[in-house]
A.B. asks: 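Pasting a structure below so you can have a look.
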Amino acid sequence: VKNMIEDSGTDEEIPLPNVKSQILSKVIEYCRYYNVSPLPEMEKPLKSANLAEVVPQWYSDFVQVEQEMLFELILASNYMDIKSLLDLTCAKVASMIKGKTPEEIRRTFNIVNDFTPEE
C-alpha cells in the first residue's frame, strides 16, 4: 500500500482485491492503535502460550478472534506488508500451538490426520 501511495499519490483508489471489508476494518483499527502505541518487539520463541503475557493487553485482545478472521488477518497483513501485524497474528497462532501434542493441534485447527498407523 505504501508503495502504491508513493507511486500514484493519495488521490487514486487503491485496489485491495484480496482483503475483505471486515478484515480491512480490523487492519485499520490495528494501524490506528499502533500509530499511537506501537507494539513492542516480541521475544521469540514465545515464553508463554498466553499471549497476554507476551504483548500488551490491547494487542492480545485484538487477536482474540475466530480462527477464520485470524487467518484472514494473517493473509491481509502479509499482502499489505504490515510486518508488526503479521508478527502479532503469527504469534497468536504460535501461542495456540505452544505446548500441545500433534493430536491437540489437529483438533484446534481441524486438520485431518492422514498418516497411516505405520507412519
Side-chain angles (χ1 to χ4, degrees):
V1 174
K2 180 181 175 186
N3 293 339
M4 293 172 136
I5 291 172
E6 288 172 354
D7 292 345
S8 61
T10 57
D11 294 336
E12 291 184 35
E13 196 173 281
I14 298 171
L16 296 171
N18 299 333
V19 182
K20 296 176 184 172
S21 61
Q22 179 186 17
I23 301 303
L24 183 58
S25 293
K26 285 287 283 181
V27 170
I28 291 169
E29 176 188 354
Y30 172 87
C31 290
R32 285 185 174 146
Y33 187 85
Y34 181 88
N35 193 39
V36 174
S37 183
L39 176 65
E41 190 68 29
M42 282 179 272
E43 224 178 280
K44 295 171 191 134
L46 296 181
K47 64 181 180 183
S48 171
N50 180 357
L51 198 60
E53 294 176 9
V54 179
V55 298
Q57 191 65 49
W58 186 92
Y59 288 102
S60 176
D61 292 345
F62 180 81
V63 290
Q64 197 64 37
V65 295
E66 298 280 328
Q67 273 188 35
E68 183 178 351
M69 177 174 275
L70 179 61
F71 288 116
E72 287 191 34
L73 283 168
I74 289 171
L75 293 172
S77 59
N78 185 51
Y79 178 72
M80 297 171 72
D81 197 24
I82 305 172
K83 185 183 180 319
S84 62
L85 180 55
L86 183 59
D87 288 348
L88 176 64
T89 51
C90 288
K92 173 61 178 178
V93 172
S95 74
M96 294 167 73
I97 292 171
K98 189 168 183 67
K100 292 190 175 174
T101 66
E103 190 53 43
E104 291 171 323
I105 293 168
R106 284 188 197 95
R107 278 196 306 270
T108 299
F109 297 105
N110 298 313
I111 299 169
V112 176
N113 183 359
D114 56 355
F115 289 117
T116 63
E118 295 81 37
E119 294 177 309

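The structure presented is a predicted model; accordingly, all values stated were derived computationally and were not measured.
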A.B. asks: Is it true that a side-chain atom of Ser60 and a backbone atom of Gln57 form a donor plus acceptor pair closer than 3.5 Å?
C.D. replies: no
A.B. asks: Count the heavy atoms of every other residue, nucleotide or ligand shown that sit under 6.0 Å from CD of Glu43, and state whether that count exceeds 12.
C.D. replies: no
A.B. asks: Grab the two heavy atoms, one from Thr108 and one from Gln67, that are nearest each other, plus how far apart they are.
C.D. replies: O-NE2, 2.5 Å
A.B. asks: Does Lys20 have more than 12 heavy atoms from other residues, nucleotides or ligands lying within 6.0 Å of its NZ?
C.D. replies: no
A.B. asks: Check the pair Phe71 / Val93 against side chain to side chain contact (heavy atoms under 4.5 Å, CB included), numbers first and verdict last.
C.D. replies: CA-CA 9 Å; Phe71 288 116; Val93 172; 3.9 Å; yes
A.B. asks: Nearest 0.5 Å please: distance from the CG atom of Leu46 over to the CD1 atom of Ile97.
C.D. replies: 10.0 Å
A.B. asks: Nearest 0.5 Å, what's the OG1-CZ distance between Thr101 and Arg106?
C.D. replies: 8.0 Å
A.B. asks: Over all heavy atoms of both residues, which pair between Glu72 and Ile23 is shortest? Give the atoms and the distance, please.
C.D. replies: OE1-CG1, 3.3 Å
A.B. asks: Of Asn35, Leu39, Leu73, which meets side-chain contact (heavy atoms from CB on, under 4.5 Å) against Tyr30?
C.D. replies: Leu39
A.B. asks: Are the side chain of Gln22 and the backbone N or O of Met69 linked by a donor-acceptor pair below 3.5 Å?
C.D. replies: no
A.B. asks: Tell me, yes or no, whether the heavy-atom count around Glu29 atom CD, taken from other residues, nucleotides or ligands under 6.0 Å, exceeds 12.
C.D. replies: yes
A.B. asks: Using the test salt bridge (charged side-chain N to carboxylate O under 4.0 Å, His left out), find all partners of Lys47 that sit at least two apart in sequence or belong to another chain.
C.D. replies: none
A.B. asks: Return the CG to CE distance between Leu51 and Met42, rounded to the nearest 0.5 Å.
C.D. replies: 7.0 Å
A.B. asks: I want to check something: taking the side chain as every heavy atom from C-beta on, are Pro38 and Ser84 in contact at a cut-off of under 4.5 Å?
C.D. replies: no
A.B. asks: Got a second to check how far Lys26's NZ is from Ser77's OG, nearest 0.5 Å?
C.D. replies: 12.5 Å
A.B. asks: Would you say that Ser37 contacts Trp58 through its side chain, given a criterion of any heavy-atom pair below 4.5 Å between the two side chains?
C.D. replies: no
A.B. asks: Is the closest side-chain heavy-atom distance between Lys92 and Ile74 below 4.5 Å?
C.D. replies: no
A.B. asks: Please list, chain by chain and in numerical order, all residues satisfying salt bridge (charged side-chain N to carboxylate O under 4.0 Å, His left out) with Asp87, sequence neighbours excluded.
C.D. replies: Lys83
A.B. asks: Is there a side-chain contact between Leu85 and Tyr34 (heavy atoms, below 4.5 Å)?
C.D. replies: no
A.B. asks: Locate the shortest heavy-atom distance separating Ser48 from Glu53; write the atom from each residue and the value.
C.D. replies: OG-OE1, 2.8 Å
A.B. asks: Between CG of Leu86 and CG of Leu75, what distance do you get to the nearest 0.5 Å?
C.D. replies: 9.5 Å
A.B. asks: As an exercise, state the distance from CZ of Phe62 to CG of Leu70, rounded to the nearest 0.5 Å.
C.D. replies: 10.0 Å
